[in-house]
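Every number for a ligand or one of its atoms is a count from 1 in the order of the listing. Counting from 1, the numbers follow the sequence of the chain as shown.
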Amino acid sequence: MEKNNFFIDSKKLSKEALEKKHRLENDPSVRTNHMEYMEGMEVIDSDIKEKVISAMNSYDYTKYTDADVRRALMHDTCDIEDFKALLSPAAKPHLEEMARKAKMETSKHFGNTVYIFTPLYIANYCENYCIYCGFNCYNDIARKKLTKEEIEKEMKVIADSGIEEILMLTGESRSMSDVTYIGEACKLAAKYFRNVGLEIYPVNTKEYQYLHECGADYVTVFQETYDSDRYETLHLMGHKRVFPYRFDAQERAILGGMRGVGFSALLGLSDFRKDALATALHVYYLQRKYPYVEYSLSCPRLRPIINNEKINPLDVHETELCQVLCAYRIFLPYVGITVSSREQEHFRNGIVKIAATKVSAGVSTGIGDHESKYKGEETQNAGDEQFEISDDRSFDAMYQDMEKGGLQPVLNDYVYV
Ligand code: SF4
């Protein structure tokens with residue numbers, strides 16, 4: 001096991017480090033300005049952020065009525081006002097009707113297909129202090145970064161299971177997982193998979209271009225919450241603290257040539273209705289600016305993590321999640337929607353028939369344990385997991401369950417020319 005020397009081991013924190021952690025948590029004046037770019041961060045000229053944040057700030061979901069929801073459901077195309085009504089508490093009694101409409105839109109644009117992919121964590125070092133995440137730099141977990149040989153071994157195991165699309169993830173550490181390291185991993189992934197996604201720390205346009213040249217097709221970045229004040233209280237240290245740089249990541253990825261971009265708020269961190277509105281509008285405005293790009297949304301809720309009881313997703317239950325997903329589908333009919341293994345099997349089986357178009361399978365959020373998990377062996381020297389998953393179905397089990405549910409599983413539909 002690689003020794004966790006760069007990152008802080010909470011059991012061995014020096015007095016100074018402990019004091020710094022305490023001050024960061026309790027005294028906002030010692031934190032850096034989260035709206036100020038750090039050295040080396042590219043600033044792009046874009047009006048998307050302003051449009052999204054001002055729409056979110058002025059969204060008063062309490063003013064929407066039953067009549068507004070009924071009107072929204074009658075319209076053939078859903079505009080922003082309709083979407084706001086569908087996200088509001090007034091829409092809750094109309095969930096069945098929303099689900100029917102969402103299902104119709106999904107069938108219209110995706111037939112009965114459902115895409116299957118798997119994530120591969122190649123490192124779990126992270127320089128940020130996000131208080132809700134198991135990988136944060138103050139958390140005492142086993143850290144690991146896979147070597148090129150280990151990455152290839154993991155990929156072979158995954159590819160042998162039949163999976164053709166992979167999403168590669170790292171913690172967010174430029175010093176431990178630099179862009180060249182990720183690029184080399186992309187080159188390997190391109191050998192084994194037809195579709196390669198990345199969920200890494202946000203980078204500059206030229207770096208996205210390099211990663212695309214190495215084989216990456218799409219980039220997903222979670223904004224976590226679009227509420228900048230709340231964001232400031234959750235991301236206490238590291239480059240992730242810079243709210244606007246993170247916000248523009250997808251646009252930089254598009255400018256760098258990526259074929260697709262993914263978006264998400266982590267529901268439960270802040271007011272989930274406002275975060276859902278902002279996430280969808282982020283897609284909506286970029287879709288108008290760059291119509292040739294593939295867009296996708298995911299809808300994760302907070303999950304329990306090792307050594308952290310500070311934060312809990314109390315207000316986003318499955319009913320609320322279902323409402324958000326149906327509203328997304330009705331507002332953005334041809335955007336891909338992913339539902340991750342954070343959600344339980346019964347929920348995922350149901351929502352893929354209504355609004356979602358993509359599911360993960362054969363998931364491990366630990367580092368370097370696919371071989372043991374896929375072959376049912378004991379795991380040696382794996383890095384700790386980011387969070388607990390709820391649905392641990394293998395690729396085969398997921399494939400069969402999707403077929404049993406009347407859906408057509410798709411492993412890849414992209415042909416390189
Ligand atoms: S959420 Fe991402 S950036 Fe934050 S601590 Fe976890 S891995 Fe690091």
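At least one N/O/S atom of Cys126, whether from backbone or side chain, sits less than 2.8 Å from atom 8 (Fe) of ligand 1. At a cut-off of 2.8 Å, Cys133 is counted among the residues with an N, O or S atom near atom 6 (Fe) of ligand 1.
When each atom of ligand 1 is checked for a heavy atom of Cys130 under 4.0 Å away, the hits are 1 (S), 3 (S), 4 (Fe), 5 (S). Of all the atoms in ligand 1, the ones that sit under 4.0 Å from a non-hydrogen atom of Asn136 are 5 (S).
Sparse packing is recorded around NZ of Lys20, with 12 or fewer heavy atoms of other residues, nucleotides or ligands lying under 6.0 Å away.
Between Leu325 and Phe347 there is a side-chain heavy-atom pair separated by less than 4.5 Å.
Using a 4.0 Å cut-off between charged nitrogen and carboxylate oxygen, Arg252 and Glu207 do not count as a salt-bridge pair.
No donor-acceptor pair under 3.5 Å is formed between the side chain of His235 and the backbone N or O of Asn128.
Relative to atom 2 (Fe) of ligand 1, the option among Glu199, His239, Lys240 with the closest non-hydrogen atom is Lys240.
Within the model, atoms CG of Asp391 and CZ of Arg348 stand 4.5 Å from one another, a figure rounded to the nearest 0.5 Å.
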